[in-house]
Structure formats: structure tokens, C-alpha cells
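Here's the structure we're looking at; comments come further down.
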Amino acid sequence: MKNIILFDPETRNQLLPFTFTRPVCELRVGILTIREKWELYLNARGSFITQDYLTDKFPIQIEADNYIINGSILPTKKLCDQIIALGNNEAILHKGDLIAARINETQFLNLIHENEIDELKGSEVISPDFLQITHTWDLIKHNPAALKSDYAAITKIRKSEPLSVSNRLIGDPSQLFIEPGASMECAILNVIAGPVYNGRDAEVMEGCLIRGGFALCAHSTLKMGAKIYSDTVVGPYSKLGGEAGSCILMGYSNKAHEGYLGGSVLGEWCNLGADTNTSNLKNNYEEVKLWDYDKRSFVKTGMQFLGLMMGDHSKCAINTMFNTGTVVGVSANIFGSGFPRNFIPSFSWGGAAGFSTYQFEKACQTAELVMARRNLMFDQEERDILSHVFEQTAGFRAWENTRQI
């Protein structure tokens, strides 16, 4: 089995708030995370070159023979073939940026400890047909293609579990795949525009209307009567209800009740209260702008439909309204009437009436309770990551020296 090491590229800051708490390759786009895609395509085991404060949770594994790969790039067969063909001390470049390299253990240790390496023999990508995630909105932009590609890779030469007769399928049966342990009853499934994937031990409750492409990952639930439009991915151990389209839930997150979620990405451990709604189209139909942490300003996205980007451990109360192109950081708690601002820093507490700082210890207490519900421990690794994010994002909280909640 090959040893692949996925590194965070310089564009990592453009993928905040999601990369505050994970390496770039741990982003989910399509059914799988970027790391999981590479592991599947290359029959490999993956580890990480990432930020120092993330290395306890996401360590590096160095072996005698190592393939270093840009963690923002989605694999294709052509690109994988070119990577497999690399000799030692050879690299693949695209427009001067490193895509992949093959180096031995000695070279790798020199790279880490001496910040230098023998000159690599570089070659350009033979067929640059790959997709790359360089901004948060790329997750939405490339999700349709990634979902279809993942579906083909996951289901290749495999047989789906049978579809219960209580369901109605519209389209080619090969575009529906049900994993062992999954359940689905009294749903209407349209797979003409894209596939529908029901993961292991996932449940589609009665009355759901699903238009592919759609993926419900392992141990997740689609609530009764949900209306799901194309290009939606529900990561593992999540719940989705109401109306949703063109969305990604990274995992362990819930939007379980009525309300609309469109053109949005939720990190892990997020929860949207009942009747939360997102706008994904401006009233004047103009291009949506999003907050860019690297530039510390709002930037053009080139997209007309974008909703909410919410970092890990953030929550909102019932009847919350998010305006078009809203970015919420890590461990924010949002409540109250009216539209809150379009950029809500990490560890914010409040809403349209104003914000104060969510005390770190109280945020950790909530995280511990939430993770315990999934039989997971909020351990020192998790606490240290949140502590770093709390300190790193203090400058975005203009009220930092005032009242805290």
C-alpha cells in the first residue's frame, strides 16, 4: 500500500473558517473528503503536512517511499497514473505549483528539519483536468462533479442493496446505490440529473422527495418529508430536514427541522434551530461576495447563488435568518430576530442586536456535551485546537475588551 502525505497549500487561509479545525484535505466535497478520494484512487494510506497546532490530531506518517500530494486537488485517473509513474526525486507541477512529488525518508527528514531538499526533477501535468479547491465557494462550485465522480468510484463493480417496493424511482436504477444497513421507505427518488447514494446504516424517512445528485453518508438521517434538490451531500452522523439544495454538511451536524438551506456549507458539530432560513440569492441578483480571512475583506466569488458558510461547533437558535453570502466562524452562537451581519467571527455570542464574546470555557463545555451525544470525547487535542482558534481570531472580535457571555 502506497504512503501518501497530503500538504496544505498556500491557499489554506482562503478556506477558513473550515481549515481552522482541519487540514485542507479533510474538506468534504462530493461524497468523500479529499483525503478519502486519494486513498481510494491510489489504494493508499494518507497522512498530513498541516499547521503545527493541528498535528496532534492530524499527524504525519513518513515511510521509506513517500508520495507528497497537494491537499487541495481532487484526483482523476489521468493524474493518478502520472503520479504512480513518478520515479524517486521526481515531481509534477502545474503552472509552477507543486502537485505531487515522490521522495524517500531521508529527503523528507531534510525537508522537515533543514527546510531543504535535493532538487526535484519536475514535469508539468500531462492533462490538467483536475479540480482544485482554493476558495470556500469552490466547495459548492465543484460539488456536483465531485459527487458524480465519487459515486462512480465507490460503486464500481459493486451491487447495491435492493430498493424497497414502498419507494418510487424515476430514472436509471444504476444511478441509485444503497449500502448495507441503510433504510429507505416511501420516498420519491429522481436520478435523471444525478445519482443518489444512501450510505451504510443511513436512514431516509417516509415522505422524502429527493432529486439527485444526492448523498446521505454513513449513519445519517434524512427527516420525514424532506425536500432535497440536486448537488446536496450530508456527511456522516448528520441529520437533514426541511428544504435544502446545493449544500454540504461536513459531518456530525444537524439541520433537522423545517426551513431552507441553499448554496451552503456546514462544518462539523453545527446545529441549525427549527425554521432557520438562508438566502442564497441577492434581491438585485448581483454576484455574491464572501468574507475572505486572508484579505480581511469581502471579495467577489463569481457566483450568483451562495448562502451560508459555517465553521465547526457553531449553532443558531430557532427562526434565525442568514443573509446571502454569510460567513460564520468556529464556535459561534447566534440568536435573536433580524438578519445578523454577513461576517460573524469565531466565538461570537449574539445576533442582529449585537455580539459579545463567547467565553472559551463555556464553548468547551458545550462542545463536550454535543460530542458526548455521539459517544465521542472532547479531549485535550480538541480543546487545544479550539484554544488556538480562540486566540488566533481575537482580532476579529471588535468587542473583545467589553462584556463577555
Side-chain angles (χ1 to χ4, degrees), residues 28-44 74-81 127 129-131 139-240 243-251:
R28 186 176 304 278
V29 54
I31 303 172
L32 305 172
T33 66
I34 298 174
R35 171 185 56 82
E36 290 170 340
K37 297 179 202 300
W38 282 106
E39 290 178 335
L40 179 61
Y41 272 71
L42 293 176
N43 186 28
L74 279 54
T76 65
K77 185 181 184 304
K78 288 182 180 179
L79 181 57
C80 288
D81 288 345
S127 179
D129 61 343
F130 57 80
L131 300 175
L139 295 167
I140 296 297
K141 182 178 179 180
H142 296 320
N143 193 46
L147 200 163
K148 290 178 181 179
S149 177
D150 286 351
Y151 181 87
I154 291 170
T155 64
K156 185 178 181 181
I157 321 179
R158 295 181 63 211
K159 184 178 180 180
S160 170
E161 294 294 306
L163 178 66
S164 167
V165 295
S166 70
N167 299 286
R168 172 69 186 275
L169 177 65
I170 304 169
D172 183 353
S174 70
Q175 294 302 294
L176 171 68
F177 196 91
I178 303 171
E179 295 281 4
S183 64
M184 181 188 301
E185 299 293 345
C186 296
I188 298 177
L189 314 165
N190 186 334
V191 297
I192 294 174
V196 170
Y197 174 82
N198 196 13
R200 185 176 295 270
D201 298 321
E203 180 181 13
V204 176
M205 293 183 173
E206 310 87 79
C208 291
L209 306 175
I210 303 170
R211 179 179 286 263
F214 171 70
L216 186 69
C217 295
H219 305 284
S220 287
T221 302
L222 195 62
K223 302 294 288 293
M224 286 194 301
K227 293 178 288 187
I228 308 301
Y229 293 90
S230 297
D231 310 324
T232 296
V233 172
V234 182
Y237 295 94
S238 298
K239 295 179 181 179
L240 180 62
E243 183 180 7
S246 296
C247 297
I248 300 172
L249 280 65
M250 296 276 186

Exercise. Is there a side chain to side chain contact (heavy atoms under 4.5 Å, CB included) between L216 and I228 once you walk through the steps?
Worked result: CA-CA 11 Å; L216 186 69; I228 308 301; over 6 Å; no

For this session: Apply side chain to side chain contact (heavy atoms under 4.5 Å, CB included) to Y197 and V233, showing your working.
Result: CA-CA 9 Å; Y197 174 82; V233 172; over 6 Å; no

For this session: Give the C-alpha distance, both sets of side-chain angles, the deciding distance and a yes or no for side chain to side chain contact (heavy atoms under 4.5 Å, CB included) between M184 and L189.
Result: CA-CA 10 Å; M184 181 188 301; L189 314 165; 3.3 Å; yes

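Note that OG of S183 and CD1 of I178 are 9.5 Å apart. Values are rounded to the nearest 0.5 Å. Separation of atoms SG (C208) and CD1 (I188) is listed at 10.5 Å; rounding is to 0.5 Å. Rounding to the nearest 0.5 angstrom, the gap separating the CD atom in E185 from the CE atom in M224 is 13.5 Å. Atom CG of L176 sits about 11.5 Å away from atom CZ of F214, to the nearest 0.5 Å. How far CG of D129 is from CG of L74: 11.0 Å, rounded to the nearest 0.5 Å. One finds the CZ atom of R211 at 13.5 Å from the NZ atom of K227 (value rounded to the nearest 0.5 Å).
Using a 4.5 Å heavy-atom cutoff, the side chains of N143 and S246 are not in contact.
K37 pairs with exactly one of P75, S149, C80 by the side chain to side chain contact (heavy atoms under 4.5 Å, CB included) rule, that one being P75.
When every heavy atom of V29 is checked against every heavy atom of I248, the shortest pair comes out as CA-CD1, 4.3 Å. The shortest non-hydrogen separation linking R28 to L139 is O-CD2, 4.0 Å. Scanning all heavy atoms of the two residues, the minimum distance from L40 to A153 falls at CD2-CB, 3.7 Å. In plain terms, the two heavy atoms of F130 and L79 that are nearest each other are CD2-CD2, 3.9 Å. Scanning both residues, A187 and V204, for their nearest heavy atoms gives CB-CG1, 4.1 Å. Of all the heavy atoms in A182 and G199, the pair that sits closest is CB-O, 3.2 Å.
Judged as a ring pair (Phe, Tyr, Trp, His ring centres under 6.0 Å), and not counting sequence neighbours, H142 has no contacts.
No donor-acceptor pair under 3.5 Å is formed between the side chain of Q175 and the backbone N or O of D172.
Taking the six-membered ring where the residue is Trp, Y151 and F177 present perpendicular rings, their angle passing 60° and hence far from 30°.
The neighbour count for K239 NZ, taken as heavy atoms of other residues, nucleotides or ligands under 6.0 Å away, does not exceed 12.
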